2 protein chains.
Amino acid sequence: MNTDTLDRKLLGLLQEDAKKTNKELAGKLGLSVTAVYERIKKLERAGVISKYVALVKPEKVDRAFTAFCQIKLVQHTKNNVTAFESQVAKLSEVLEVFHVSGEYDYILKVMVRDMEAYREFMLNKLTALDHIGSTQSTFVISPVKNSTVLKV
Amino acid sequence: MNTDTLDRKLLGLLQEDAKKTNKELAGKLGLSVTAVYERIKKLERAGVISKYVALVKPEKVDRAFTAFCQIKLVQHTKNNVTAFESQVAKLSEVLEVFHVSGEYDYILKVMVRDMEAYREFMLNKLTALDHIGSTQSTFVISPVKNSTVLKV
DNA sequence: GCTGAAAATTAAGCACG
DNA sequence: CGTGCTTAATTTTCAGC
């Protein structure tokens with residue numbers, strides 16, 4: 001799909017606030033409401049916009065403690081990898097899982113209430129998974145930036 | 001704010017799909033449209049829901065290459081820390097910045113087009129920032145899970 | 001705090017340049 | 001592809017419980 005400058009601006013606006021009405025967007029872009037509507041539908045159909053979500057403040061729901069957990073598997077057979085990935089993806093404390101290059105195999109972003117909850121999580125949930133070799137945790141002291149906006 | 005089971009269910013639904021109508025939500029929760037409407041407004045006013053955003057597929061906008069970049073500052077004076085944080089937060093390639101414990105001071109999540117774009121980013125943007133000591137990059141081979149949902 | 005209906009706004013569809 | 005009008009749907013408000 002070819003996206004022009006207006007599409008890029010539109011994507012920027014919708015990534016900041018998806019509740020803006022087409023009328024407001026039209027005003028900012030210098031287009032008609034229908035033109036905005038059609039551009040949005042085109043971006044949705046093309047899969048550029050994958051979904052619309054509400055973002056929740058972690059501290060308001062007791063999930064303000066963030067840690068990155070790096071993981072090594074004991075063995076990298078296809079079965080081990082598949083099993084580990086599907087199991088770890090099920091854990092609600094684990095927001096993100098990336099298979100990565102380097103010393104460790106995976107990086108997890110984990111969000112829980114506090115350090116005690118993290119300890120509980122490690123003991124009862126994570127290290128209960130199959131095929132885990134070693135782990136290393138890095139704790140967030142302060143979130144400096146946390147954006148979902150892909151500037152295009 | 002006290003959130004009951006219905007609020008938690010509602011937050012779960014809105015975090016998955018913010019475009020659901022109050023009518024649909026009402027059906028799923030066994031409430032009236034107005035009751036849903038008032039609960040949502042309450043959650044917004046209380047700041048539990050911080051914003052509504054459109055999520056964009058990285059591969060559709062040439063940003064499918066993700067790297068984690070760990071950074072050490074040369075010196076941890078207050079001025080250095082403040083200056084670095086404000087500068088790095090301005091970079092659109094850097095989606096997330098966390099001040100962390102451990103060997104490195106910061107973890108950055110960087111999203112760019114490809115490895116070449118990452119090299120460009122490192123040379124021209126990141127290492128151009130003041131006070132950076134050393135960096136270490138970890139590259140994402142495959143994203144396994146990438147959620148914004150805080151299960152409450 | 002919930003319900004149901006009315007009023008206001010917005011989204012979706014249509015004819016046309 | 002764009003605009004402007006028309007209709008459908010949804011959000012928001014309100015009286016009453």
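Remember, predicted model here, so these are calculated numbers, not experimental data. Per chain, numbering begins at 1; letters A, B, ... match sequence-line order.
- Summarising the geometry, atom CD belonging to B:Glu85 is positioned 6.0 Å from atom OG belonging to A:Ser142; distances are rounded to the nearest 0.5 Å.
- A salt bridge is defined here as a Lys NZ or Arg NE, NH1 or NH2 lying under 4.0 Å from an Asp or Glu carboxylate O, and B:Lys72 with B:Glu103 meets this definition.
- At C:dA11, one or more side-chain N or O atoms of A:Asn22 fall inside 4.0 Å of OP1 or OP2 (strictly under the cut-off).
- Rounded to a whole Å, the NZ atom of A:Lys23 is 16 Å from the P atom of C:dA12.
- If you check residues 11-21 of chain B against DNA chain C, you find no residue with a heavy atom closer than 4.0 Å.
- Regarding B:Tyr37, its OH atom lies at a distance of 16 Å from the C1' atom of C:dG4, rounded to whole Å.
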What does the list of N/O pairs under 3.5 Å between the protein and nucleotides 1-3 of chain D look like, with a distance for each?
unit_1: D:dG2; atom_1: OP1; unit_2: A:Arg39; atom_2: NH2; d: 2.7
unit_1: D:dT3; atom_1: OP2; unit_2: A:Ser32; atom_2: N; d: 3.1
unit_1: D:dT3; atom_1: OP2; unit_2: A:Ser32; atom_2: OG; d: 2.7

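- Across the protein-nucleic acid pair, B:Glu44 atom CD and D:dT11 atom C1' stand 12 Å apart, rounded to whole Å.
- Crowding of A:Arg119 atom CZ: a count of heavy atoms from other residues, nucleotides or ligands under 6.0 Å not exceeding 12.
- Distance, A:Lys42 NZ to C:dG13 P: 18 Å, rounded to whole Å.
- One atom, OH of B:Tyr52, and another, P of C:dT10, lie 16 Å apart when rounded to the nearest Å.
- Under the 3.5 Å distance criterion, the side-chain polar atoms of A:Ser101 are matched with a main-chain donor or acceptor of B:Phe139.
- The number of heavy atoms from other shown groups lying within 6.0 Å of NZ (B:Lys51) is above 12.
- In this structure, the CD atom of A:Glu24 is 13 Å from the P atom of C:dT9, given to the nearest Å.
- Expressed to the nearest 0.5 Å, how far CD1 of B:Ile107 lies from CD1 of A:Ile107 amounts to 7.0 Å.
- Between B:Phe98 and A:Phe68, the angle of the ring planes goes over 60°, which puts this pair in the perpendicular group of the 30/60° scheme.
- Using a 4.0 Å cut-off between charged side-chain N and carboxylate O, A:Arg39 and A:Asp7 make a salt bridge.
- Classification of A:Glu44 and A:Lys41 as a salt-bridged pair holds, one side-chain N sitting under 4.0 Å from a carboxylate O.
- Put simply, CD1 on B:Ile40 is 10 Å from C1' on D:dT11, counting in whole angstrom units.
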